[in-house]
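One structure is given here, and the rest of the page talks about it.
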Amino acid sequence: MSTNELNSLSAFTAQENAAKSSSKKSLSGKILIGVTGGIAVGLSIVCYPFVAPALRKHCLPFVPATSKQIDNVLASVRRAGTADKLLDIGSGDGRIVIASAKRLQLESHGVELNPWLVYYSRLAALKGGVFGQTKFYRKDLWKYDISKYNNIVIFGVEQMMADLEKKIQDEAKPDSTIIACRFPFPMLQPTKTIDDGIDSVWVYQNVKQK
């Protein structure tokens with residue numbers, strides 16, 4: 001074989017090898033893109049229930065209540081009869097509701113938008129032996145009827161307290177006890193304030209608009 005033929009064969013072999021290498025890189029790139037895309041979609045599905053509330057005008061971030069907060073809340077609950085009920089707005093992992101049912105033997109409900117926290121709360125109530133005394137609803141708090149409760153607990157954020165105040169005044173029973181944690185209502189005057197800082201509790205009664 002002549003020198004020219006050898007050179008031509010070598011050039012052809014190099015081109016073929018380069019083409020194969022390029023094809024392998026392209027396939028690897030496609031696989032990487034596919035895997036990355038699949039992970040992103042999976043994370044989106046898992047995270048959406050946690051992120052979705054933040055897309056609303058107002059949201060209640062999940063910040064677990066401390067033991068001191070729970071004590072302060074339960075010390076503020078008013079018992080008037082056997083038909084009394086407690087509602088925790090933005091009930092998170094259900095610890096206020098469960099503590100109320102356990103320690104006060106009070107029928108207690110929680111409203112929470114995050115489905116995973118609702119499922120967790122139900123399991124925690126079952127494990128705690130108070131499943132029959134508690135209920136957890138996956139509901140928008142702004143659309144939930146609060147008029148059937150004697151005690152309403154609110155772990156709000158500062159930006160939403162004015163709107164919550166209006167909802168309370170419009171819908172709550174005249175003799176209900178409202179317990180606000182971490183932030184007070186802007187206009188209503190509390191009948192009692194317990195503790196300070198993160199464990200603060202403001203207790204309100206007779207909140208109906210005159």
Side-chain angles (χ1 to χ4, degrees), residues 50 53-54 58-81 84-114 117-118 120-121 124-125 127-130 133-137 141-142 144 146-209:
F50 294 90
H58 294 302
C59 67
L60 283 173
F62 172 48
V63 180
T66 66
S67 297
K68 184 62 174 176
Q69 281 177 321
I70 295 174
D71 291 342
N72 290 342
V73 168
L74 297 187
S76 306
V77 171
R78 186 173 61 169
R79 297 292 303 275
D84 289 351
K85 293 181 182 180
L86 178 141
L87 173 68
D88 184 7
I89 295 178
S91 54
D93 61 1
R95 61 184 65 191
I96 290 287
V97 174
I98 293 170
S100 171
K102 275 186 173 182
R103 291 158 58 175
L104 302 180
Q105 287 75 54
L106 196 66
E107 182 177 347
S108 304
H109 299 174
V111 175
E112 171 60 49
L113 191 59
N114 188 312
L117 290 174
V118 172
Y120 177 88
S121 298
K127 183 178 178 181
V130 291
Q133 294 173 258
T134 61
K135 291 182 181 179
F136 295 94
Y137 301 100
L141 70 89
W142 303 108
Y144 188 79
I146 63 174
S147 63
K148 56 187 176 182
Y149 298 96
N150 306 76
N151 295 277
I152 300 172
V153 181
I154 299 169
F155 278 78
V157 294
E158 189 172 11
Q159 295 81 358
M160 68 189 298
M161 295 308 291
D163 289 339
L164 274 174
E165 182 179 277
K166 185 177 187 308
K167 181 176 176 67
I168 291 292
Q169 289 181 310
D170 289 343
E171 300 178 21
K173 288 181 177 182
D175 61 345
S176 59
T177 297
I178 314 301
I179 304 168
C181 305
R182 297 189 180 137
F183 292 98
F185 292 117
M187 301 300 294
L188 290 173
Q189 294 300 312
T191 56
K192 181 170 60 174
T193 301
I194 302 176
D195 226 316
D196 54 20
I198 193 173
D199 295 324
S200 296
V201 166
W202 292 265
V203 182
Y204 302 85
Q205 292 173 340
N206 302 316
V207 297
K208 298 294 286 186
Q209 290 181 334

### Task
Carefully, step by step, assess Leu188 and Trp202 under the rule side-chain contact (heavy atoms from CB on, under 4.5 Å).
CA-CA 10 Å; Leu188 290 173; Trp202 292 265; over 6 Å; no

### Task
With side-chain contact (heavy atoms from CB on, under 4.5 Å) as the test, would you mind laying out the steps for Ile96 and Phe155 before giving the verdict?
CA-CA 10 Å; Ile96 290 287; Phe155 278 78; 3.9 Å; yes

### Steps toward side-chain contact (heavy atoms from CB on, under 4.5 Å) verdict (Ile168, Ile146)
CA-CA 8 Å; Ile168 291 292; Ile146 63 174; 3.7 Å; yes

### Task
For side-chain contact (heavy atoms from CB on, under 4.5 Å), just list the numbers for Leu117 and Phe136, CA-CA rounded to whole Å, side-chain angles, deciding distance to a tenth of an Å, and then say yes or no.
CA-CA 9 Å; Leu117 290 174; Phe136 295 94; over 6 Å; no

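Scanning for side chain to side chain donor-acceptor pair (under 3.5 Å) contacts around Lys102 gives an empty result, with sequence neighbours left out. Partners of Asp71 by salt bridge (Lys or Arg N to Asp or Glu O under 4.0 Å), not counting sequence neighbours, listed by chain and number: Arg103. For Thr177, the side chain to side chain donor-acceptor pair (under 3.5 Å) partners are Arg78, Gln205, not counting sequence neighbours.
Residue-environment remark: OH (Tyr120) stays at or below the threshold of 12 foreign heavy atoms within 6.0 Å.
The CD1 atom of Ile194 lies 9.0 Å from the NZ atom of Lys68; values are rounded to the nearest 0.5 Å. Put simply, CD1 on Ile89 and NZ on Lys167 are 7.0 Å apart, with the number rounded to the nearest 0.5 Å. Annotation: the span from Ile152 atom CD1 to Ile178 atom CD1 amounts to 4.0 Å, rounded to 0.5 Å. Atom CG of Asp84 and atom CD of Gln105 lie 13.0 Å apart (nearest 0.5 Å).
Residues Ser100 and Leu74 are in side-chain contact: their nearest non-hydrogen atoms beyond the backbone lie under 4.5 Å apart. Contact of the Pro184 side chain with the Tyr204 side chain is registered, since non-hydrogen atoms from C-beta on lie closer than 4.5 Å. Inter-residue side-chain proximity for Val73 and Val201 is flagged as met; some heavy-atom pair is nearer than 4.5 Å. In this structure, Thr193 and Ser200 have side chains that are not in contact, with every pair of non-hydrogen atoms separated by 4.5 Å or more.
Side-chain atoms of Glu158 never come within 3.5 Å of backbone atoms of Phe183 as a donor-acceptor pair (strictly under, hydrogens ignored). Checking side-chain atoms of Glu112 against main-chain N and O of Asp93 turns up no donor-acceptor pair under 3.5 Å. Judged by distance alone, the side chain of Ser108 and the main-chain N or O of Leu86 form no donor-acceptor pair under 3.5 Å. The backbone N or O of Gly92 lies less than 3.5 Å from a partner atom in the side chain of Ser121, making a donor-acceptor pair. Judged purely by atom type and a 3.5 angstrom limit, Tyr137 has no side-chain atom pairing as donor or acceptor with the backbone of Tyr144. Between the side chain of Asn150 and the main chain of Ser176, no donor-acceptor pair closer than 3.5 Å is present.
Of all heavy-atom pairs spanning Leu141 and Leu164, the tightest one is CD1-CD2, 3.8 Å. Listed here is the closest heavy atom pair of Gly156 and Met161: CA-SD, 3.9 Å. The two residues Leu106 and Asn151 make their nearest non-hydrogen contact at CD2-ND2, 4.3 Å. Listed here is the closest heavy atom pair of Ile98 and Ala125: CD1-N, 3.6 Å.
Of the candidates Glu107, Lys85, His109, Tyr149 forms a side chain to side chain donor-acceptor pair (under 3.5 Å) with just one, namely His109.
Side chains of Asp199 and Thr66: a donor-acceptor N/O pair is present below 3.5 angstrom, by distance only.
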